Colleague: 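Sharing a structure, written as structure tokens. Questions coming.
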Amino acid sequence: MAALEEGFTLTAVPLGSGPDGPLGVEQSDKTDQFLVTDSGRTVILYKVSDQKPLGSWSVKQGQIITCPAVCNFQTGEYIVVHDNKVLRIWNNEDVNLDKVFKATLSAEVYRIHSIQGAEPLVLFKEGAIRGLEALLAEPQQKIETVTSDEEVIKWTKFFMVFRHPVLIFITEKHGNYFAYVQKFNSRILSKYTLLLRQEEKSAAQSFSASVYRKFISLMSLSSDGCVYETLIPIHPSDPEKNQRVVRSLLLKSVVSGSARSGVALTILDQDHVAVLGPPLSASKECLSIWNTKFQTLQASKELPQGTSGQLWYHGENLFMLHGKFLTVIPYKCEVSSLAGALGKLKHSQDPDIHAMTHFVNWETSQGYGLGSQNSEQSKRILRRRKIEASVQPEVPPSTQLLAAVQKDSEKHIEVELRKFLAVKRTPDFHTIIGDVVIGLLGRCKAEPSFYPRNCLMQLIQTRVLSYSLCPGLMEFALEKTDVQILQLCLQQFPDIPESVTCACLKIFLSIGDDSLQETDINMESVSDYTAIIQDGEIEEQTEILQNGFNPEEDNCENCAQELTEKPQAAAEESTSCPVTGKRAALLENATMTLPGIHPPTLNQIMDWICLLLDANFTVVVMLPEAKRLLLSLYKFVKSQISICSELNKIEVSFRELQKLNQEKTNRELYSIEVLELF
């Protein structure tokens with residue numbers, strides 16, 4: 001259960017001279033005090049409980065603050081950057097920022113991060129990261145470039161993970177998103193490509209993240225109004241390699257898909273997120289709290305004056321720009337339970353149970369805390385379960401995944417699969433993947449309505465499966481006529497029997513064009529074939545002659561056209577391709593992975609087959625029995641060459657006729673024309 005309390009205005013005058021509101025709201029070294037950075041020249045220190053400012057500092061006219069001010073929790077001083085490169089440090093006693101400590105840096109700063117228990121970090125716009133002390137020791141030190149050209153940082157956050165600082169920042173380039181994770185205990189910077197599924201075309205508008213066990217749970221609010229989650233491993237299997245992670249749908253349609261601004265997302269706790277934006281296309285903007293575990297709306301508050309699409313939270317307070325004033329809305333989030341998510345939780349329960357229900361599964365709680373049992377007995381049981389849970393060993397992700405395959409929903413299996421794929425691979429990785437596939441196929445046969453396509457596709461893309469490891473996978477895909485999975489298997493399985501390949505070919509040839517149009521097919525194999533266009537037509541090849549003539553121009557159907565037909569019709573005709581682009585992608589050459597250190601290429605295999613055919617043909621033509629056949633072939637080919645030669649002679653005449661037909665625009669129903677051929 002969650003609730004939004006009555007909000008109040010923190011700023012007494014309209015805040016911000018820029019169009020996007022304040023640059024940031026950051027925690028001070030006092031629990032109830034916050035630094036609010038204007039988008040112009042001012043930093044104000046507020047005490048929220050008193051709703052009044054404690055101090056205000058401004059840069060001089062002509063300068064502009066370019067990233068939010070933060071507090072150095074180790075010294076109690078404040079840090080801000082203006083004009084991208086100029087760093088200032090001051091304390092509560094200072095009055096004029098122009099007279100405080102100043103350091104001019106050699107590169108532009110994107111953001112300064114500071115949290116309790118860690119040294120402040122400076123993130124530069126090109127992805128480099130420096131500790132504050134090392135940077136102040138040599139402000140003009142050379143700053144390296146981490147991101148690629150045209151890659152722009154969109155969002156960043158600083159964590160403490162197992163008492164070690166970790167910084168994550170998200171970049172965007174040409175609609176593609178990348179995540180960089182910097183661990184400072186090992187100085188490792190890992191890069192991840194955030195993959196979108198083929199059916200997802202939305203762009204991320206807001207990010208938020210939290211630490212969940214051994215993963216960073218990255219959530220994004222996209223332009224389609226949905227919230228997606230991506231699990232990024234804190235300890236990657238190959239830190240030096242650009243790895244790929246897939247996002248999954250977490251909440252559907254939390255804001256209107258037509259909203260292009262004024263939307264924001266922030267994680268409140270493990271089971272709750274706050275969302276800012278209009279729920280419907282015609283509605284006003286709202287602040288809402290959603291339960292991600294049960295996918296239910298817990299609380300909502302309308303914001304009639306609109307927002308800037310910025311949302312911050314500290315402690316139990318949400319900060320946002322409402323109209324032109326910074327507003328604070330306190331919130332409450334209780335421990336997630338089914339009764340609370342449905343709004344049926346009784347509030348007469350003992351307060352101690354709130355602290356204990358973190359360790360109790362609601363499915364087996366038997367109504368603890370709902371007034372159905374004695375309060376003292378409930379607390380004793382919960383304490384005992386807390387102790388038992390604390391001494392139980394952590395269940396490996398592979399065990400959790402195999403258990404989920406047997407009984408859980410497709411959504412939960414997909415989450416457990418992403419967790420398993422994100423951890424470091426073990427020697428038995430391919431065996432576990434095979435067991436998961438076999439378990440899924442067994443459940444599919446037992447439950448006809450159960451078909452986890454997304455999980456199967458992710459498992460195939462691990463590139464450790466083969467036909468012999470899971471022979472039932474392709475048979476099941478053939479039964480379902482799932483050409484997308486069949487295409488993946490043909491591309492990646494090295495040991496597919498000929499009978500299964502023929503069955504796939506029959507499916508690819510027999511499936512209707514309408515069904516293919518609605519199916520996501522990998523088109524990379526036909527991307528270089530410029531003759532295939534979107535509507536399934538082939539461009540006219542007027543330059544290529546076959547056997548001395550052009551087959552597309554040898555017909556004289558123009559002579560038998562109906563008199564009422566428009567003269568331009570013949571010129572505008574185009575030859576329709578019998579195979580659409582998606583069907584061609586299914587029939588193109590598959591990627592072959594053959595055994596051996598130096599396996600032959602596909603071209604080498606084709607050359608060898610042609611050589612065998614030529615050799616056998618040579619043997620055949622030398623047989624006495626083949627003499628009559630050779631004579632017949634000789635006569636047939638000779639006649640064909642003669643016909644082609646004659647057609648080639650009148651090719652120019654046909655072209656002249658076609659030009660004359662195109663020039664005759666004013667033709668009556670009946671006419672006599674004399675065409676002279678030279």
Side-chain angles (χ1 to χ4, degrees), residues 198 430 433-434 436-445 448 451-529 531-532 536 538 576-596 599-617 619-620:
Q198 294 184 3
H430 68 286
I433 293 294
V436 172
V437 173
I438 293 173
L440 289 173
L441 294 177
R443 187 172 170 187
C444 288
K445 294 179 181 179
Y451 186 38
R453 289 188 74 256
N454 293 331
C455 293
L456 291 174
M457 291 179 64
Q458 290 187 54
L459 290 166
I460 296 171
Q461 290 170 343
T462 58
R463 299 182 181 275
V464 299
L465 289 175
S466 61
Y467 181 86
S468 57
L469 191 61
C470 50
L473 177 57
M474 293 192 70
E475 280 79 355
F476 188 73
L478 287 168
E479 293 177 9
K480 293 284 188 179
T481 319
D482 195 329
V483 294
Q484 190 176 6
I485 287 186
L486 290 174
Q487 185 191 34
L488 286 175
C489 293
L490 287 170
Q491 289 175 340
Q492 301 190 25
F493 288 5
D495 56 347
I496 301 175
E498 182 180 355
S499 59
V500 178
T501 305
C502 293
C504 293
L505 181 60
K506 291 179 181 178
I507 291 290
F508 296 161
L509 292 174
S510 62
I511 190 171
D513 290 337
D514 294 339
S515 300
L516 280 179
Q517 195 65 28
E518 300 172 357
T519 307
D520 290 319
I521 303 295
N522 187 346
M523 303 290 290
E524 291 181 1
S525 60
V526 293
S527 60
D528 295 333
Y529 290 77
I532 298 178
I538 292 185
S576 177
C577 178
V579 178
T580 62
K582 288 193 173 182
R583 195 185 303 275
L586 294 174
L587 299 174
E588 280 302 322
N589 298 331
T591 302
M592 299 184 64
T593 305
L594 299 175
T601 64
L602 189 60
N603 289 334
Q604 290 175 328
I605 294 173
M606 294 301 297
D607 290 342
W608 176 249
I609 294 174
C610 292
L611 182 62
L612 290 177
L613 291 174
D614 290 342
N616 283 278
F617 180 75
V619 173
V620 169

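Everything quoted here is computed from the prediction, not taken from an experiment.
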Colleague: Would you compute the distance between atom CG of Asp495 and atom CG of Leu469 and round it to the nearest 0.5 angstrom?
Modeller: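 Taking CG in Asp495 and CG in Leu469, the distance rounds to 9.0 Å.
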Colleague: Can you sort out the partners of Tyr451 under ring-ring contact (aromatic ring centres under 6.0 Å, His included), two or more places apart, ordered by chain and number?
Modeller: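 So Tyr451 forms a ring-ring contact (aromatic ring centres under 6.0 Å, His included) with Phe476.
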Colleague: Looking at every non-hydrogen atom in both residues, tell me the closest pair between Gly472 and Leu441 and how far apart they are.
Modeller: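 Where Gly472 meets Leu441 most closely, the heavy atoms are C-CD1, 3.6 Å.
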Colleague: When rounded to the nearest 0.5 angstrom, what is the spacing between CG in Asn603 and SG in Cys610?
Modeller: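 Between Asn603 CG and Cys610 SG, I get 10.5 Å after rounding to 0.5 Å.
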Colleague: Can you name the nearest heavy-atom pair linking Leu478 to Ala503, along with the distance?
Modeller: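 Heavy atoms of Leu478 and Ala503 come nearest at CD1-CB, 3.9 Å.
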Colleague: Considering residues at least two apart in sequence or located in another chain, which fulfil the ring-ring contact (aromatic ring centres under 6.0 Å, His included) criterion with Phe508?
Modeller: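 Not a single residue meets the ring-ring contact (aromatic ring centres under 6.0 Å, His included) criterion with Phe508.
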Colleague: Kindly give the heavy-atom pair with the smallest separation between Leu465 and Cys470, and that separation in Å.
Modeller: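 In terms of heavy atoms, the two residues are closest at CD2-SG, 4.1 Å.
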Colleague: Can you measure from SG (Cys502) to CD1 (Ile507) and round to the nearest 0.5 angstrom?
Modeller: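 One finds 12.5 Å between SG of Cys502 and CD1 of Ile507.
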Colleague: Would you give the length of the straight line joining atom CD1 of Ile485 to atom CG of Leu456, rounded to the nearest 0.5 angstrom?
Modeller: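 That separation rounds to 5.0 Å.
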Colleague: For residues 472-489, pull every pair meeting salt bridge (charged side-chain N to carboxylate O under 4.0 Å, His left out), keeping only residues two or more places apart or in separate chains.
Modeller: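 Qualifying pairs: Arg453-Asp482.
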Colleague: Just to verify, what does Pro497 make a side-chain contact (heavy atoms from CB on, under 4.5 Å) with, not counting sequence neighbours?
Modeller: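 By the side-chain contact (heavy atoms from CB on, under 4.5 Å) rule, Pro497 matches Tyr467, Ser499, Val500.
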Colleague: Does Leu488 have any side-chain contact (heavy atoms from CB on, under 4.5 Å) partners at least two apart in sequence or in another chain, and if so, which?
Modeller: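 Leu488: side-chain contact (heavy atoms from CB on, under 4.5 Å) contacts with Met457, Ile460, Gln461, Gln491, Gln492.
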Colleague: Go through the structure and list residues passing side-chain contact (heavy atoms from CB on, under 4.5 Å) with Ile511, not counting sequence neighbours.
Modeller: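 With sequence neighbours excluded, Ile511 shows a side-chain contact (heavy atoms from CB on, under 4.5 Å) to Thr481, Val483, Ser515, Leu516, Arg583, given in chain and number order.
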Colleague: Quick check: closest heavy atoms across Gln487 and Ala585, and the distance to 0.1 Å?
Modeller: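 Answer, listing the atom of Gln487 first, then Ala585: NE2-O, 3.8 Å.
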Colleague: Working to the nearest 0.5 angstrom, can you tell me the gap between Leu586 CG and Leu490 CG?
Modeller: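 Rounded to the nearest 0.5 Å, the CG-CG separation comes to 9.0 Å.
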Colleague: First locate atom CG of Leu440, then atom SG of Cys455, and finally report the distance between them rounded to the nearest 0.5 Å.
Modeller: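 Output value for this atom pair is 6.5 Å.
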Colleague: What pair of heavy atoms forms the shortest contact from Cys504 to Leu486, and how long is it?
Modeller: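 Scanning both residues completely, I find the closest heavy atoms to be SG-CD2, 3.9 Å.
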